[in-house]
Enquirer: 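My structure is below; once you've seen it, I'll send some questions.
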Amino acid sequence: MITFMNNSDSEEEPCNERTSLMSAESPPVPSYQDGLQASEAGEAQAHRKRRAGGSGNPNNLADGERPDSGVPVRGSTSENEEEELTLKYGAKHVIMLFVPVTLCMIVVVATIKSVRFYTEKNGQLIYTPFSEDTPSVGQRLLNSVLNTIIMISVIVVMTVFLVLLYKYRCYKFIHGWLILSSLMLLFLFTYIYLGEVLKTYNVAMDYPTLFLVIWNFGAVGMICIHWKGPLQLQQAYLIMISALMALVFIKYLPEWSAWVILGAISIYDLMAVLCPKGPLRMLVETAQERNEPIFPALIYSSAMIWTVGMAKPDTASRGPSQQRWDAAEHGRGNHRSPSHEDSQMSEPGPVPTRPISSLEELEEEERGVKLGLGDFIFYSVLVGKAAATASGDWNTTLACFVAILIGLCLTLLLLAVFKKALPALPISITFGLVFYFSTDNLVRPFMDTLASHQLYI
Amino acid sequence: PALGLFLFTIARDPLRIIILIAGAFFWLVSLLLSSLIWFIAVKASDPQDEPLQKGLLIFGVMFSVLLQEAFRFLYYKLLRKAIEGLVALSEDGCSPISIQQMAYVAGVGFGLMSGAFSMINLLADALGPGTVGIHGDSQLYFLTSAFMTMVLIFLHTFWGILFFHGCEHRRWWEITAVVVMHLAVSGSTFCNPFYVGSLVPSYLLMAAAAAWAYSLSGGSTQNLRRFFLCKS
């Protein structure tokens, strides 16, 4: 889901939480789009991979939001201007999301291409118990469908669980869960990843150095994600985490299951965010009612809001904020700033103080869009799988990449139009899947023949 | 060079990046459809028949060129609608990006995508061990491929400008000229590996297209002279 959300500290849960894009707009802004897909925290088991659900934040062009809210402060702004601002900033926000998604995909593809470990089949998750090494096609198909059903039901259960916890205000539990999952992700998976990369490039590293490196990386990551930190660093960590998670998925999901799961997840995403009884929608609405930011740990936000009484122009926003928020509007103003708070630490403390203390001091916030981490992860899984298994290699990967970006564009456009939380997965994943299969089977022989004769079209 | 173009002129403005990616997407879709047609044709025909396969390939190439131009036209239509929307939303009544800039960016998008698809597998293989042309093919394979790709990317850029200009002013002969040029360039690659036959005409055509596009965009020899004199 893409939303403009306040940065709620949501901890990264090992469960798959899919956050939808949400636009966390302050209440004054009518268009408060929450598209938060709850990321389900996964259990921190050895087999369990944390799937940070990507909640797409409805990328509402924050600007779009503004126009609707008719900021009282800017009484002079006309409706048109606001809308236009929305669209103008719309492009900017799209780019703000393009860059991290691209970076994540690049990291995943680079790793897949170079490190052998992630393309070897070394077993499966317990969530996909059916093997795909069966002799017949029908059996394989059946197995993959069964795997998908199991996986999706696990995700649904996790999401509902999370929503229930949120509803009954068991914040401590959620925070603990998210902290645990991010801990595991940051330390364990980084260790494995680093080990494999070093193995591939035949670089020796002794244990003390390794320990130091991983400890520093993990500790800074925890602080950055769950607490405060420079925006860029936070974004970088979130990207790293998404990439790690995606790599884990690519490794441990059998082939056909992976594709079916991708398809099923987008359908689920669609339903969970748009249906009135969908868990993600309930999560978003509950957060809206309470004027709280939704879990920041699961969301990537593209702008930063500097709160808690610090009015520092240079740190406040990534770019010039367009409008100054009125104190009154800051009730939920913090949501606007697109911060990436994917950190799992949700701070119930800061949340209430934010509106109060930072009202006057709230610097311009750059409105941004929030994209759930699960979206990052699934995009990267798609592209990574394309890179790993396609025989056409780079052409297919490139085609999937462009398809996903276009899907993201379209989703953002819809966000601007509808101004509510939207699921970020369906359109992009559909395009990606279509392009993957068609490029692999249709374009590849064509291009290969052309290249062998050195013909150009 | 195409990457340099991208970095200097497009990467600044987010709107241009979106147009670029959308252009690449349109090219991709056209490629998809054309390869679908070719695939069906190949499957329906006899795989042993060499000349027939070659003929089918040629047919596929031509068809693909036509499809690419058709998609360029569709993209033009889409961009026109988008520009109207942007104008409506803009504060001072004029759009933040002009149709010529869009033409340029669209051309670059098409070019980048086609170049990428042509080159990237080659590049990946070039990293690995091997000898060029060991089976009696030309040893200049990589070099010529690189040059051909570059000329094609530039050509796509210029064609984009010319095409959009032709559509804007309803000059059908411009549009047909672009299509004919594209067909000519693709056709000339049929002479590969007789490289002189394909590279030289392509470069000549590119120079012609460049001059044409430059004059259409409002440049002139005075501008050129001032530009060079300022630098020196």
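Reminder, nothing fancy here: chain letters follow the sequence lines and each chain counts from 1. Both backbone and side-chain heavy atoms feed into the values below; hydrogens, waters and symmetry mates do not.
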Enquirer: For the residue pair A:F435 and B:F25, does the interplanar ring angle fall in the parallel (under 30°), tilted (30 to 60°) or perpendicular (over 60°) class?
Expert: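 Because their plane-to-plane angle lies in the 30° to 60° range, the rings of A:F435 and B:F25 count as tilted.
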
Enquirer: If I take atom OG from residue A:S438 and atom CG from residue B:L28, how far apart are they, to the nearest 0.5 angstrom?
Expert: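 Reported to 0.5 Å precision, the distance equals 8.0 Å.
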
Enquirer: With rounding to the nearest 0.5 Å, note down the distance linking OG1 in A:T102 to CD1 in B:I21.
Expert: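 It is 7.0 Å, given to the nearest 0.5 Å.
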
